[in-house]
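Inspection log for the structure reproduced underneath, given as structure tokens.
In the text below, chain A, chain B and the rest are named by the order of the sequence lines, each starting its count at 1.
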Amino acid sequence: MVHDLYQEIILDHSKRPRNCHSMADATRQADGYNPLCGDKLKLYVKVENEIVVDVSFVGSGCAISTASASLMTESLKGKTREEALKLLDKFHELLTTDTAVSQDLGKLVVFCGVRDYPARVKCATLAWHTLKSALSAELKEPVSTE
Amino acid sequence: MSTLSNKVTPAFDVEKIREDFPVLKQNIHGKPLVYLDSAATAQKPSAVVDAIRRFHEVDCANIHRGVHELSQRSTAAYEETRSKAKRFLNARSKDELIFVRGTTEGINLVSSSWGRKNVKPGDEIVISAMEHHSNIVPWQMLCEEKGAKLRVIPMNQRGELLMEEYEKLLNPRTRMVAVTHVSNALGTINPVRQIIQMAHKAGALTLIDGAQATPHMKVDLQALDADFYTFSGHKVFGPTGIGILYGKTALLNAMPPYQGGGDMIRVVTFEKTTYADLPYKFEAGTPNIAGGIGFGAALDYANKLGIDRIAAYEHALLAYGTEALTSIPGLRLIGTAREKASVLSFVMEGIHPHDIGTLLDRQGIAVRTGHHCAQPVMDFFNVPATTRASLAFYNTFGEIDALVAGLHKVKEVFS
Ligand SMILES: Cc1ncc(COP(=O)(O)O)c(C=O)c1O
């Protein structure tokens with residue numbers, strides 16, 4: 001049943017999310033909130049010389065949004081800021097259009113099934129939207145939004 | 001299947017009733033639809049759909065002021081709904097019943113019209129911890145505008161209002177007590193008669209949000225003595241975009257109009273306008289005529305079934321559902337008040353409501369997941385969201401079984 005959406009890898013990352021912790025020396029952070037389902041996420045990014053050297057997150061969410069955040073953090077490390085933002089566009093395309101699946105997405109292709117669940121696209125993109133706001137904020141110092 | 005169904009309601013033939021709801025006869029993702037989202041909006045019987053079609057095909061005209069035949073027919077049919085609503089709620093006069101878009105507009109009408117005129121800096125408005133956003137935000141806006149204070153009756157872990165705390169909140173500055181009759185997020189039936197009596201003793205007025213009560217139980221406005229009572233047509237098996245606000249005549253007469261326009265006036269000159277009598281003073285512009293007529297058909301339908309029989313059947317269904325759900329390991333009901341109506345709100349350990357909702361949908365089961373427009377309730381129970389199965393008289397014991405089986409499958413996926 002619905003294995004197209006809840007693939008093994010998604011279930012695995014939702015139950016044991018990777019890089020799920022705060023980061024004291026993050027250079028950027030941003031908060032994401034999906035009022036529809038109450039999903040909350042705080043993203044920490046460490047950018048050095050335009051390279052994403054570390055990413056982590058904390059938050060509570062559904063399986064799709066948690067797995068998406070987890071897999072996102074794995075796929076970003078080592079990418080330049082520009083590459084990261086490009087990946088975001090490709091990921092968004094994967095979820096919202098019928099175009100052929102891009103080769104560059106790697107493991108992220110498991111989210112392909114979300115296409116058929118329009119109500120869940122927001123869950124899968126929450127972490128990525130948060131990433132966008134983290135990467136576009138011109139902040140060089142660790143910030144606290146508290 | 002349950003023996004409860006046979007024991008409690010021998011005369012309630014749910015299969016026959018389901019014939020009146022064509023929408024229920026369909027497959028979703030290859031499985032028979034199990035509609036457990038009536039608290040969001042109820043399904044409409046054919047009688048309602050037919051009444052709306054007949055209006056458009058045979059009687060369509062604007063109401064009031066028309067001398068021609070069609071206008072007289074549409075006016076009569078629309079106004080007949082007001083009389084039906086009067087009987088449905090046991091109101092004193094049909095002039096106390098104002099057509100609105102729904103509960104939300106009913107509350108906003110009172111907070112705007114009554115509130116702007118009567119609430120002063122330092123005054124207090126009392127609501128409860130389990131209100132729908134529509135019975136929070138309009139009062140918050142009013143308080144902000146007027147420098148008044150919003151106070152909240154707390155509840156316990158079962159989702160029952162703390163009446164001693166309520167008593168303490170009441171004071172000479174309390175102008176309005178606005179509470180829900182039945183909570184949409186928890187199912188709690190509040191002791192509104194007592195709440196109203198206590199408010200009156202303190203010299204305050206009352207507004208009761210009847211959105212979730214009217215589909216499930218007899219409401220007697222004269223016995224309740226509420227000053228305002230409002231509900232939505234679409235939750236009592238009628239169409240969307242139509243509802244009723246009840247207000248006591250003296251209060252309504254003393255209130256300024258809500259909106260200006262056609263239909264709500266007696267005489268208009270550029271110097272001065274005099275307003276129409278009740279209820280028209282509050283009904284500016286062409287209303288939702290077709291909706292009003294469909295709403296009337298819905299009230300007829302509910303009356304024919306008998307609201308007391310509906311309540312008895314649903315009570316048995318809720319008891320069965322409560323027991324069945326609590327037997328699922330890791331499931332926690334949110335809202336376990338002793339007096340409850342037709343709502344089973346719950347969380348499951350380690351599984352987010354959104355995932356439950358999607359996985360149930362794939363089995364044809366429609367539930368609502370999220371905060372149910374009651375974020376403070378979610379905060380109180382410290383959950384981001386719940387899954388809510390809400391019942392109506394067209395639901396069956398078999399559908400509860402399907403829900404339970406569906407939830408077991410959800411658990412399998414996440415095991
Ligand atoms: C308790 C309660 N109050 C108010 C409302 C708002 O009703 P409407 O959206 O029909 O105006 C609802 C609907 O969900 C409700 O359940």
Side-chain angles (χ1 to χ4, degrees), chain A residues 1-18 20 31-43 57-71 95-96 110-130, chain B residues 28-31 34 37 40 133 136-137 185 330 334 345-388 402-403 405-415:
Chain A
M1 184 186 55
V2 291
H3 292 303
D4 48 337
L5 181 62
Y6 294 97
Q7 299 197 28
E8 263 325 303
I9 179 164
I10 291 184
L11 289 172
D12 174 43
H13 276 258
S14 77
K15 287 177 210 162
R16 297 185 303 118
R18 322 295 198 265
C20 187
D31 291 299
Y33 178 53
N34 180 352
L36 203 68
C37 48
D39 285 0
K40 281 192 187 116
L41 177 129
K42 190 187 259 310
L43 192 69
F57 76 102
V58 291
S60 73
C62 64
I64 303 298
S65 84
T66 304
S68 174
S70 172
L71 279 153
L95 300 186
T96 54
V110 294
F111 289 98
C112 183
V114 178
R115 276 180 190 179
D116 300 326
Y117 299 79
R120 304 305 300 275
V121 169
K122 281 211 165 81
C123 310
T125 53
L126 177 64
W128 291 87
H129 284 304
T130 313
Chain B
I28 301 290
H29 305 303
K31 301 275 171 54
V34 174
D37 195 21
H133 294 162
I136 302 174
V137 184
I334 302 290
S345 210
F346 60 89
V347 292
M348 284 171 89
E349 209 178 295
I351 313 179
H352 193 280
H354 227 148
D355 298 310
I356 297 174
T358 293
L359 288 165
L360 288 178
D361 176 61
R362 290 285 141 162
Q363 303 173 67
I365 303 167
V367 295
R368 192 146 291 253
T369 60
H371 53 56
H372 318 295
C373 290
Q375 285 180 2
V377 174
M378 302 297 117
D379 292 343
F380 177 79
F381 286 99
N382 201 20
V383 294
T386 74
T387 303
R388 181 187 72 187
L403 172 66
L407 289 171
H408 280 297
K409 283 206 183 132
V410 170
K411 284 188 69 165
E412 265 168 43
V413 171
F414 280 91
S415 65

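- Contacts between B/S415 and chain A at a heavy-atom distance below 4.5 Å involve the backbone alone (N, CA, C, O).
- The two residues B/R362 and A/D116 come nearest to each other via the heavy atoms NH2-O, 3.7 Å.
- Neither the backbone nor the side chain of B/E412 comes within less than 4.5 Å of any heavy atom in chain A.
- Using modelled atom types and a 3.5 Å distance limit, the side chains of B/D361 and A/Y117 yield no donor-acceptor pair.
- Heavy atoms closer than 4.5 Å to chain B are found in the side chain of A/L11, but not in its backbone.
- For B/K411, the NZ atom counts as densely surrounded, since its 6.0 Å shell holds more than 12 non-hydrogen atoms of other residues, nucleotides or ligands.
- Heavy atoms closer than 4.5 Å to chain B are found nowhere in A/D12, neither backbone nor side chain.
- Note on A/A119, A/S14, A/G61: by heavy-atom pairs under 4.5 Å with chain B, the leading option is A/G61.
- In this structure, the portion of A/K15 lying under 4.5 Å from any heavy atom of chain B is its side chain and not its backbone.
- Neither side chain, A/D39 nor B/H354, offers a donor N or O lying under 3.5 Å from an acceptor on the other.
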